[in-house]
Number of protein chains: 2
Amino acid sequence: MLIVEDDPVAAAAHTLYVEREPGFHAAGTVHSCADALRFLERARAAGTPIGLTLLDLYLPDGHGLQLCRTLRAAGHTTDVIAVTSARDLAMVRQAVSAGVVQYLLKPFSAAALHDRLERYARYRDTLGRTGEATGQDEVDQALALLRTAERSALPKGLSAPTLDTVAGVLREASTGLSAAAAGAAAGVSRITARRYLEHLVDTGLAAREPQYGSVGRPELCYRWKGDGATAGRRG
Amino acid sequence: MLIVEDDPVAAAAHTLYVEREPGFHAAGTVHSCADALRFLERARAAGTPIGLTLLDLYLPDGHGLQLCRTLRAAGHTTDVIAVTSARDLAMVRQAVSAGVVQYLLKPFSAAALHDRLERYARYRDTLGRTGEATGQDEVDQALALLRTAERSALPKGLSAPTLDTVAGVLREASTGLSAAAAGAAAGVSRITARRYLEHLVDTGLAAREPQYGSVGRPELCYRWKGDGATAGRRG
DNA sequence: GCCGATCGTGAACTCTATGAACGCAAACGT
DNA sequence: ACGTTTGCGTTCATAGAGTTCACGATCGGC
């Protein structure tokens with residue numbers, strides 16, 4: 001992972017955050033568009049292209065999004081997380097159309113970056129397994145990982161402790177659980193369990209798949225998907 | 001809005017769908033990368049730049065994503081909804097990094113496109129009001145609008161995951177399948193498989209034809225037809 | 001310190017997606 | 001033509017999904 005950041009203090013902080021993240025590694029830190037381009041070129045030539053770039057938008061020798069467009073035109077495949085203190089909403093649209101995967105407002109907490117990186121990792125994971133999508137759902141799921149709000153902000157009606165319990169129960173169950181079974185294991189009702197399981201599916205942490213074979217409406221089997229194969233280093 | 005689509009039938013269908021959408025207007029329909037670029041150039045020169053492009057990825061003179069990168073490099077600001085029958089998940093990542101706002105698998109229903117366009121309109125609306133973001137939340141909410149969860153309403157008695165499974169099985173079977181065979185492959189009963197296959201026939205995604213030759217009532221052979229012609233909407 | 005508002009939970013109920021059973025339709029063979 | 005054969009298509013029981021609503025806890029306001 002490449003970090004492009006004007007301010008040395010911020011650059012050091014970002015590097016620290018990233019290094020703390022399992023699965024990520026700060027391959028380099030540069031302070032300008034020109035240096036970033038040079039770094040990416042060299043990495044690609046060396047056969048170890050950079051997978052992810054943390055890109056500040058205001059740089060001394062140009063705008064980060066312009067760099068981004070240059071990269072695309074040059075065929076670079078690195079994904080970009082935009083980082084900026086600009087509050088301008090129109091910039092968000094430009095960032096999306098330049099192909100950034102995340103848009104992070106400065107100043108951000110380590111937790112906020114952690115959340116973004118984790119989601120990005122899962123996104124890569126989903127798209128990385130060289131399979132084919134069976135339907136639109138699968139595509140939407142992957143995009144949802146990039147485009148949903150932070151997980152720490154729970155929807156109304158859900159509480160953090162219960163979510164932890166349910167998520168824990170599901171994680172332990174290797175074979176997958178029905179809503180009723182998860183409820184029994186977590187010590188809550190089927191209804192409550194289902195609420196939290198659905199939330200996990202929404203946020204991409206769990207998958208849901210119907211169990212056919214017996215008569216009656218098929219039972220939904222929830223399966224933990226959260227820590228799926230995050231072994232390889234990204235960036 | 002510009003529609004870029006190779007197949008004349010699909011292009012006409014897309015145009016029809018778009019025109020039905022309040023707030024959207026099909027400014028033009030082109031059938032190749034070169035024409036698309038020319039159209040966008042001309043529109044920009046005329047002072048009426050195209051805000052949104054519905055872009056098929058497989059075009060006779062090049063790949064849609066390459067066109068997309070060319071557009072970015074040339075400073076075009078149009079947003080892009082990618083449309084493709086390719087199920088390859090790696091393509092999704094490339095599309096995101098090329099700056100598409102939506103990724104829609106062919107064949108899609110009018111309802112699916114409607115949903116995407118409506119969400120896109122809200123996204124534009126959120127980012128368009130020239131205000132400043134008060135925080136990360138606002139940015140996240142705008143991006144979340146590009147995430148889509150809303151499935152097109154299925155007839156009662158049918159479920160989305162099962163439909164995906166059955167459609168997937170049928171798509172993979174080059175030779176065509178009987179209801180019983182499809183059921184076996186999808187892990188559901190013949191009855192259930194038949195329900196979904198009939199639905200696919202109803203929506204024009206599959207064809208059904210009897211197999212003669214052996215003793216007994218002829219077996220019905222279902223064959224995937226989806227990628228050829230988009231589902232015709234009655235009415 | 002009391003009261004109203006809100007939030008998370010669970011019980012009761014309705015609805016929906018599935019498969020088994022069964023009658024019937026459609027082709028072949030004689 | 002008529003029986004044989006095979007699988008279609010329908011009906012129905014069923015079990016679990018999903019919804020609605022009421023209850024208790026907790027929080028903030030006056």
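Letters A, B, ... mirror the listed sequences (proteins, then strands); counts begin at 1.
Using a 4.5 Å heavy-atom threshold, the side chains of Gln94(B) and His63(B) count as separate. Contact annotation: the side chain of Val96(A) never approaches that of Asp79(B) to less than 4.5 Å [non-hydrogen atoms, C-beta and beyond].
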Please tabulate, for the side chains in residues 179-197 of chain A, all donor-acceptor contacts under 3.5 angstrom to protein atoms that are two or more places apart in sequence or on a different chain.
{"from": "Ser189(A)", "atom 1": "OG", "to": "Ile191(A)", "atom 2": "N", "distance (Å)": "3.4"}
{"from": "Ser189(A)", "atom 1": "OG", "to": "Thr192(A)", "atom 2": "N", "distance (Å)": "3.2"}
{"from": "Ser189(A)", "atom 1": "OG", "to": "Thr192(A)", "atom 2": "OG1", "distance (Å)": "3.3"}
{"from": "Tyr196(A)", "atom 1": "OH", "to": "Ser159(A)", "atom 2": "N", "distance (Å)": "2.7"}
{"from": "Tyr196(A)", "atom 1": "OH", "to": "Ser159(A)", "atom 2": "OG", "distance (Å)": "3.4"}

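Chain A approaches DNA chain C over the interval dC7(C) to dG19(C), counting the first and last nucleotide 5' to 3' with an atom under 4.0 Å from its heavy atoms.
Put simply, the side chain of Arg217(A) and the base of dG18(D) share no donor and acceptor less than 3.5 Å apart.
The distance between the ring centers of Phe108(A) and His14(A) falls below 6.0 angstrom.
Between Arg208(B) and dC8(D), a side-chain N or O to OP1/OP2 separation shorter than 4.0 Å is absent. Taking only side-chain nitrogens and oxygens, Arg194(A) comes nearer than 4.0 Å to OP1 or OP2 of dG18(D).
At the heavy-atom level, Ser178(A) lies nowhere under 4.0 Å from the strands shown.
Atom CD of Glu219(A) and atom P of dA15(D) are 12 Å apart (whole Å). Put simply, CD on Gln211(A) is 14 Å from C1' on dA17(D), counting in whole angstrom units. Summarising the geometry, the separation between OH on Tyr196(A) and P on dA17(D) is reported as 18 Å, rounded to the nearest angstrom. In this structure, Arg195(B) places its CZ atom 14 Å from C1' of dC8(D), rounding to the nearest Å. In this entry the distance linking CG of Leu158(B) with C1' of dA17(D) reads 16 Å, nearest Å. Note: NZ (Lys156(B)) to C1' (dA17(D)) measures 14 Å, nearest angstrom. When the P atom of dG18(D) is taken as reference, atom NE2 of His199(A) falls 17 Å away, rounded to whole Å. Between the P atom of dT14(D) and the CD1 atom of Ile191(B) lies a distance of 16 Å, rounded to the nearest Å.
For Tyr120(A) and Arg116(A), the side-chain atoms include no donor-acceptor pair closer than 3.5 Å.
With sequence neighbours left out, Arg208(B) forms a salt bridge (charged side-chain N to carboxylate O under 4.0 Å, His left out) with Glu198(B).
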### Chi angles and distances behind the side-chain hydrogen bond (donor to acceptor under 3.5 Å, both in side chains) call for Glu5(B), His31(B)
CA-CA 5 Å; Glu5(B) 168 67 60; His31(B) 310 287; over 6 Å; no
